[in-house]
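Counting begins at 1 with the first residue of the sequence.
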Amino acid sequence: MTGNTDEQTSYWIETAPPGNLHAPLAADITVDVAVIGAGIAGLSAARELARAGRSVAVLEADRIATGVTGHTTAKLSAQHTLVYEQLRRTRGAEAAKLYGRSQSDAIRHAAALVAELGIECDWEDTESYTYTLDPKRTGELEAEADAAREAGLSARYVTETDLPFPVTGAVRVAEQAQFHPRKYLLALTEDLLRHGTRMYEHTRVVGLKEGEPCRLTTEAGPTVTATDVVVATHYPIFDRALLFTRLSPHRELVLTAPVAADRAPLGMYITPEQGKRSVRTAPYADGQRLLIITGESFLPGTADTEERFGRLAGWATEHFGPLDFTHRWATQDNSSTDSVPLVGPFHAGSHHTYVATGFGGWGMSGGIMAGRLLSDLITGQSPPWAGLYDPRRVRTAVREAPAFLKHQAVVAKHFVGDRLPPTSHSVDDLAPGDGALVRIDGHRCAAYRDDDGKLHAVSARCTHMGCLVAFNRAERAWECPCHGSRFDPDGAILQGPATKPLERRAVPGVDAPAADTPAEGS
């Protein structure tokens, strides 16, 4: 792999303006609606609610649009691989139509906002393709094209694409789009501020008391009192709804490289084969476009990420020729056990708390759809697809049982299996830049040796539900394979649902003696 790709840098974050800094919440406030999370779902909900006359506060644990949304591949598509035939088969043709209408409505709404606000975000109207290289799957794609067309999409089955290699077949959908997500959301944020929305960065919410009104507690102490609360943190940070039993996290790797404009394939492409492969391009320098390759889907904390980056780079050069890779990063999403996002009331007893999660890798159209749907519900409206996405849905329970049981088996493997006697590495075996689970003074720890040779040790148990974390060498992060929480080498939270960092552990000969703490995981 060539190019400066040692650092995990998202092209969207690097090439967008830094954005204005928004101070953390420093005092108690009261608003109509509190939105937790400033990604595309949270900001879309805030924008719709503010335009409906509600006073809104957005609370972001880090910076606006630098989390999951800042690491997406930024496809605005209603074609979500092979979802329509599955929906038609399991939930009926009407459900597939509602899904298609709601996702297409989100794309049109985003296009209207770009025009209304004059947002410069590299917006491009384009086509999307789901393709196969396997002759045995052509029937599957023909059925998907038929289901997508019946659902209202401009879809048809084709055998030729603009990719530089032949495909056996593909579903082509017109009237889709792609854009620069952070430029779009920074412009949306400025519009929110003009309409009185309060924005707070570096404000982590750690507690929720539901009621009339609801009350949020932040890590630093100040509280927010709100009539309604939207939890748009990608993976819900509160477990009372037991949604974690219906969500499966997955990460995918992303590589970028400039290519000559006349070599750049037109459209957006994806195949579920080969560990998933996604291809699109974006505007770049004169005479060039930026090739964006995504793939190597895996459960957080379970893969040799460096090896997978190499595999993805090898696939890219095999199909597109020699490439000078400029950026690499990873994206993360959650899939629901029935393949439909969970958007609506948080749980059966919720009257003023709402959630948006489970976008299955399609968070751009899904997030905009969720923002509009939640705003409608909070303001007393009910679009026809509200029931399709309702997290309280029970009719799909039997149909989603196999996926549910498979997901729970994976969690149980890491949760119960983690408590068996481990084979721990020795601290002495750690090379610079490496991390592993070790025992230090009888305590199970997650130890990392930095580039200068200094050891850093933290608790090995995720603060969300207690599963053991694993080290991601390429991204230098501790990851939880149960629910996807991620932490930096010193235990700070990179990604939820965890709301507390991993506790620091003293390293003999490096740190001062610490107070006695009970040994973990004997």
Side-chain angles (χ1 to χ4, degrees), residues 31-37 39-50 52-59 91 95 98-99 101-103 105-106 205 207-217 224-247 334-360 363 365-397 399-400 404 483 496-497 499:
V31 291
D32 294 332
V33 186
V35 177
I36 312 172
I40 194 163
L43 291 176
S44 295
R47 200 268 179 184
E48 299 303 312
L49 287 161
R54 298 299 197 269
S55 62
V56 180
V58 178
L59 312 168
R91 299 182 68 175
L98 290 172
Y99 191 93
R101 284 177 57 194
S102 61
Q103 300 292 330
D105 172 79
V205 175
L208 164 64
K209 181 180 179 181
E210 295 186 74
E212 297 182 1
C214 299
R215 182 172 177 173
L216 297 173
T217 305
V224 179
T225 301
T227 303
D228 296 290
V229 171
V230 171
V231 181
T233 55
H234 187 246
Y235 199 116
I237 57 173
F238 305 114
D239 294 329
R240 65 197 65 184
L242 299 180
L243 291 185
F244 64 87
T245 65
R246 300 168 64 189
L247 292 170
N334 308 298
S335 295
S336 71
T337 46
D338 69 352
S339 302
V340 175
L342 304 163
V343 182
F346 201 177
H347 54 81
S350 286
H351 299 290
H352 295 283
T353 309
Y354 302 83
V355 69
T357 187
F359 296 113
S365 63
I368 295 168
M369 177 280 299
R372 287 170 62 72
L373 173 55
L374 294 180
S375 176
D376 283 347
L377 294 176
I378 290 171
T379 56
Q381 304 173 65
S382 183
W385 44 80
L388 174 70
Y389 294 104
D390 195 328
R392 302 167 301 180
R393 57 188 183 256
V394 294
R395 292 187 178 181
T396 60
R399 288 190 292 270
E400 68 179 85
F404 173 85
H483 306 107
T499 59

Counting C-beta onward and ignoring hydrogens, is there a side-chain heavy-atom pair between P341 and T357 closer than 4.5 Å? no
Less than 4.5 Å apart, any side-chain heavy atom of H347 and any of R392? no
Run the side-chain contact (heavy atoms from CB on, under 4.5 Å) check on V229 and V33 step by step: do they pass? CA-CA 6 Å; V229 171; V33 186; over 6 Å; no
So does G358 get a backbone contact from the side chain of S336, meaning a donor-acceptor N/O pair under 3.5 Å? no
Can you check side chain to side chain donor-acceptor pair (under 3.5 Å) on T227 and D32, steps first, answer last? CA-CA 5 Å; T227 303; D32 294 332; 4.7 Å; no
Do V230 and I36 have side-chain heavy atoms sitting under 4.5 Å apart? no
State, with a plain yes or no, whether a side-chain heavy atom of L98 is found less than 4.5 Å away from one of P384. yes
If you measure from the Lys or Arg side-chain nitrogens to the Asp or Glu carboxylate oxygens, is any gap between R54 and D228 under 4.0 Å? no
Any donor and acceptor pair, going by atom type alone, linking the side chain of S102 with main-chain N or O of Y99 inside 3.5 Å? yes
Does the S375 side chain pair with the main chain of G371, one donor and one acceptor, at a distance under 3.5 Å? no
Determine yes or no for a side-chain-to-main-chain donor-acceptor pair under 3.5 angstrom, with R47 supplying the side chain and G42 the backbone. no
For the pair V343 and M369, evaluate side-chain contact (heavy atoms from CB on, under 4.5 Å) and give the outcome as yes or no after the intermediate values. CA-CA 9 Å; V343 182; M369 177 280 299; 4.2 Å; yes
Check the pair E48, T379 against side-chain contact (heavy atoms from CB on, under 4.5 Å), reporting the backbone distance first and the verdict last. CA-CA 10 Å; E48 299 303 312; T379 56; over 6 Å; no
Non-hydrogen side-chain atoms of L43 and V58 separated by less than 4.5 Å: yes
Find out whether E210 and L208 are in side-chain contact, i.e. whether some heavy atom of one side chain is under 4.5 Å from a heavy atom of the other. yes
Under a 4.5 Å cut-off applied to non-hydrogen side-chain atoms, are F359 and N334 in contact? no
Stepwise, does the side-chain contact (heavy atoms from CB on, under 4.5 Å) test hold for L342 with R393? CA-CA 9 Å; L342 304 163; R393 57 188 183 256; 3.3 Å; yes
Between the side chain of S350 and the main-chain N/O of H352, is any donor-acceptor distance below 3.5 Å? no
Checking T233, L59, T499 against V205 for side chain to side chain contact (heavy atoms under 4.5 Å, CB included), the one that qualifies is L59
Does any non-hydrogen side-chain atom of L377 lie less than 4.5 Å from one of P345? yes
Answer yes or no: is there a donor N or O on one side and an acceptor on the other, between the side chain of R372 and the main chain of I368, under 3.5 Å? no
